[in-house]
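Only one structure is covered here, and it is reproduced in the block below.
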Amino acid sequence: MTPRDRSRRLSRRALLGGALGLGSLGALGALGGCAPPRFSDGIPLRFWHLFAGGDGINMNQMLDAYRAAHPEVDLEAVTLAWGERYYTKLSMSGAGGRAPDVSALHLTRLPGYAPSGLIDPLRPDLLAEAGIREEDFPPELWRRSHHEGRLYAVPLDVHPYVLYYNVDVCERAGLLAPDGSLAPISGPDELRAAFAAAKEVTGHHGLVTETVGSDTIGPWRVFWTLYRQLDGHLLTPEGTGLAVDDDKVLRVLQYMRGLTDDGLAPREVDVNGAVSLFASGHAGFFIFGDWEVSTFLETGTPFSMARIPQVFDNANAQADAHVFVLPHRTDRTDEDHRRVYEFIAFLLSQSITWARGGHVPAYRPAQEDPEYLDLRPQSNYRSVADDVQLDPEVWFAGSASVMWLELGAVISAVFSGRTSPEQGVLGIRRVMEDLLDRPNPID
């Protein structure tokens, strides 16, 4: 699950055998679900992933569908805890010769794995046999899946930070369009006004979002969304020099701090508190990752979802992507590659099942499938796939990384009122300087 290993569960429509998505996703679905057996009975296939909670439910449905379609393969799927523990175990497996056949990875972690030989490059010729083609994925995701001209990953999804809104609250606040969706919001003042109007209705909060906690990942994600809306950078393009724009950082931190200073959002709330406040109707808006849709469907909260509004110069939003990679092994044969690629192709053909947990499918045919378009509110923000902002391409960035934790702590202190925005600018600069000086522990 991304990003917390929580055990919330979601009532879902049952998966109808292995057929969901196969017919509507064309050739890839046919290859994934209907290819004749190529391998003898009992051939093992080991898959490591980090999907728990609602994501885990969906992934297990997809894996069960694969098992039904491929009884000749002995699929062993292992769920490991999200976070640095997962990446440490994955690194050790590749270095120690105990790697699974295929694993999930966050795309932003690729720069720490591909250069160090912890994952192996993919075979484009054999991927094509399985129906996996470059043109079926967003260009930026496909580009980021490469290192030094070689492909190392196949994207499954994009999971952006989004805006949840309470439909009842927003209707009473006059914030809905005639079709019942959230009326367009543009610019910092309009967004603050929307939060203020929602607060008038709830009597508690206009906005709720994570400001404190054990890992402070939420404040980092809000900051990166707004900073990239100003086209701000942390590092030079090659990732070796500092490129922090103090003026832009200060502008973002002052805006974030103003939300809590002016009582539009609570100063100190962790992720579980934020989820509870929104679920109970004590806040009109909630900024968080798209994966929390499962919780609010289960609780019956009258909610919908939209892209985070364009607050500054563009409509960018922080995001990451789940991808499939090959942990390093020296004994892979062509048949091993084919088996893994057919497995990946099958899971891509199940993208609509995966999208029920909130993530935007990376596979373009799934994005255009009528069944996905009818999936609300999950398809409301699908256009953000072309505007997502991943981390800088360096070893110390990415999901659950040291950069997230250390920058998150600085930003949390500003967001929650413990330090000033000006101190936050200095703190962000210090963290990035220190990270640039650290050696990659995997090298």
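Worth saying up front: this structure is predicted, and the values here are computed from it rather than measured. These values consider heavy atoms only, across backbone and side chains, with no hydrogens, waters or symmetry-generated copies.
Side-chain atoms of Leu390 and Arg144, non-hydrogen and from C-beta on, do get closer than 4.5 Å to each other. Residues Leu105 and Leu90 form a side-chain contact, since some pair of their non-hydrogen atoms from C-beta on lies under 4.5 Å apart. Taking 4.5 Å as the limit, some side-chain heavy atom of Tyr113 sits within range of a side-chain heavy atom of Tyr87.
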Applying side-chain contact (heavy atoms from CB on, under 4.5 Å) to Leu163 and Leu182, what does each step give before you reach the verdict?
CA-CA 10 Å; Leu163 183 69; Leu182 187 67; 3.8 Å; yes
Before you tell me yes or no, could you show the steps for Phe223 and Val249 under side-chain contact (heavy atoms from CB on, under 4.5 Å), namely the whole-Å CA-CA distance, both residues' side-chain angles and the distance that decides it to 0.1 Å?
CA-CA 9 Å; Phe223 169 83; Val249 170; 4.1 Å; yes
Passes salt bridge (Lys or Arg N to Asp or Glu O under 4.0 Å), Glu129 versus Arg123? Steps please.
CA-CA 10 Å; Glu129 286 184 12; Arg123 291 274 303 274; over 6 Å; no
Should Glu76 and Leu45 be marked as a side-chain contact (heavy atoms from CB on, under 4.5 Å) after you check the CA-CA gap, both sets of side-chain angles, and the distance that decides it?
CA-CA 6 Å; Glu76 178 190 352; Leu45 177 63; over 6 Å; no
Pair Asp313-Leu230, side-chain contact (heavy atoms from CB on, under 4.5 Å): steps then yes or no:
CA-CA 5 Å; Asp313 297 343; Leu230 289 169; 3.9 Å; yes
Take Glu371 and Arg376, measure what salt bridge (Lys or Arg N to Asp or Glu O under 4.0 Å) needs, and give me the verdict at the end.
CA-CA 10 Å; Glu371 187 174 0; Arg376 300 298 177 88; over 6 Å; no
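Under the 30°/60° scheme for interplanar angles, the aromatic rings of Phe51 and His322 are found to stand perpendicular. Relative orientation of the Phe288 and Trp291 rings is perpendicular, given thresholds of 30° and 60° on the angle between their planes. Using bins of under 30°, 30° to 60° and over 60° for the plane-to-plane angle, the ring pair His204/His282 lands in the tilted bin. Ring geometry for Tyr66 against Phe343 counts as perpendicular: the plane angle is over 60°, on a 0 to 90° scale with 30° as the lower cut. Below 30°, between 30° and 60°, or above 60°: for Phe278 and Phe296 the angle between ring planes is above 60°, a perpendicular geometry.
Ring-centre distance between Tyr341 and His337: below the 6.0 Å cut-off. Ring to ring, Phe303 and Phe286 are not that close: their centroids are 6.0 angstrom or more apart. Aromatic ring centroids of Trp404 and Phe396 lie 6.0 Å or more apart. Ring centroids of His159 and His359 are separated by less than 6.0 Å, placing the two rings close together. His49 and Tyr86 have their aromatic ring centers separated by at least 6.0 angstrom.
Under a 4.0 Å N-O distance rule, the pair Arg332/Asp101 does not qualify as a salt bridge. Using a 4.0 Å cut-off between a side-chain N of Lys or Arg and a carboxylate O of Asp or Glu, Glu210 and Arg267 do not qualify as a salt bridge. A salt bridge links Arg364 and Asp386; the closest N-O separation between the charged side-chain nitrogens and carboxylate oxygens is under 4.0 Å. A salt bridge is defined here as a Lys NZ or Arg NE, NH1 or NH2 lying under 4.0 Å from an Asp or Glu carboxylate O, and Arg143 with Glu134 fails to meet this definition.
Side-chain N or O atoms of Ser412 include none that pairs as donor or acceptor with a backbone N or O of Ala409 at under 3.5 Å. Between the Asn380 side chain and the Met305 main chain, a donor and an acceptor come within less than 3.5 Å of each other. Between the side chain of Thr260 and the backbone N or O of Ser416 there is no donor-acceptor pair closer than 3.5 Å. Proximity of a side-chain donor or acceptor of Thr216 to a complementary backbone N or O of Val212 within less than 3.5 Å is not detected.
Between Asp320 and Ser399 the shortest heavy-atom distance is OD2-CB, 3.5 Å. Across Ala279 and Thr301, no two heavy atoms sit closer than the pair O-OG1, 3.2 Å. Counting all heavy atoms, side chain and backbone alike, Gln389 lies closest to Asp387 at NE2-O, 3.3 Å. For Pro100 against Arg46, the heavy-atom pair with the smallest separation is CB-O, 3.6 Å. Considering all non-hydrogen atoms of both residues, Arg228 and Asn314 come closest at O-ND2, 3.2 Å. The minimum heavy-atom distance between Thr108 and Gly398, with the atom names listed, is OG1-CA, 3.0 Å.
Summarising the geometry, atom NE2 belonging to His147 is positioned 8.5 Å from atom OG belonging to Ser116; distances are rounded to the nearest 0.5 Å. Rounding to the nearest 0.5 angstrom, the gap separating the OH atom in Tyr165 from the CD1 atom in Ile185 is 9.5 Å.
Looking at Thr240 and Glu238, their side chains do bring a donor and an acceptor atom within 3.5 Å of each other. Donor-acceptor pairing under 3.5 Å is recorded for the side chains of Ser383 and Arg307.
At most 12 non-hydrogen atoms from other residues, nucleotides or ligands lie less than 6.0 angstrom from CD of Glu148. Other residues, nucleotides and ligands contribute over 12 non-hydrogen atoms within 6.0 Å of the CZ atom of Arg67.
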